[in-house]
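Residue numbers run from 1 in the order of the sequence given. Note that the structure is a prediction, hence the values are computed from the model and not measured.
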Amino acid sequence: MKKNGLLEIIAANRTGDSLDEIMAKDKDYQDALTQQQIAFDRLDELGLTKEQKGAIDQAITANNHFGAVYGAVAYRFGMEDGIRVRMEMEEIMRMT
């Protein structure tokens with residue numbers, strides 16, 4: 001996928017503050033955030049060593065990064081599909 005094209009500009013505009021505003025109102029997201037906090041609180045209660053906490057933090061960070069990259073690629077892929085469908089629909093309408 002082209003890295004500095006129109007889709008990248010749209011994606012950049014639709015993430016960050018715009019996305020944060022939507023997520024603040026989304027019940028599923030808020031529920032997931034609550035569950036995340038419960039899991040982190042449980043980890044804090046385990047009395048792990050600094051080394052163990054560091055290993056867990058690295059695993060969580062790597063997983064979060066993977067999810068973010070996957071989501072960004074999937075978003076762009078979906079946008080490309082949407083644009084392609086729109087273009088094909090316009091072509092069909094011109095043929096009729």
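Interatomic distance, Glu88 CD to Ile83 CD1, rounded to the nearest 0.5 Å: 12.5 Å. Between Leu19 atom CG and Asp26 atom CG the span is 9.5 Å, to the nearest 0.5 Å. For the atom pair Arg42 CZ and Glu45 CD, the distance stands at 8.0 Å (nearest 0.5 Å). Here Lys53 contributes atom NZ and Asp44 contributes atom CG; the two are 6.0 Å apart, rounded to the nearest 0.5 Å. Annotation: the span from Gln36 atom CD to Asn64 atom CG amounts to 7.0 Å, rounded to 0.5 Å. Here the OG1 atom belonging to Thr61 is positioned 11.5 Å from the CD1 atom belonging to Ile56, to the nearest 0.5 angstrom.
Contact annotation: the side chain of Val85 approaches that of Met89 to within less than 4.5 Å [non-hydrogen atoms, C-beta and beyond]. You'll find the side chain of Ile38 reaches within 4.5 Å of the side chain of Gln35, heavy atoms only. Contact of the Tyr29 side chain with the Ile22 side chain is not registered, since no non-hydrogen atoms from C-beta on lie closer than 4.5 Å.
Legend: residues meeting side chain to side chain contact (heavy atoms under 4.5 Å, CB included) with Glu90, ordered by chain and number and at least two apart, are Arg86, Arg94. Remark: Asp81 engages Arg84 in a salt bridge (Lys or Arg N to Asp or Glu O under 4.0 Å) (not counting sequence neighbours).
By the criterion of side-chain heavy atoms lying less than 4.5 angstrom apart, applied directly or through intervening Ile, Leu, Val, Met, Phe, Trp or Tyr residues, Ile60 is not grouped with Leu33; the two fall into different hydrophobic clusters. Following chains of ILVMFWY side-chain contacts shorter than 4.5 Å, one cannot reach Phe66 starting from Val73, and the two form parts of different hydrophobic clusters.
Minimum interatomic distance between Met23 and Gln30 (heavy atoms only, all atoms of both residues): O-NE2, 3.0 Å.
Around CD of Glu51, the count of heavy atoms belonging to other residues, nucleotides or ligands within 6.0 Å does not exceed 12.
Looking at Thr34 and Gln37, their side chains never bring a donor and an acceptor atom within 3.5 Å of each other.
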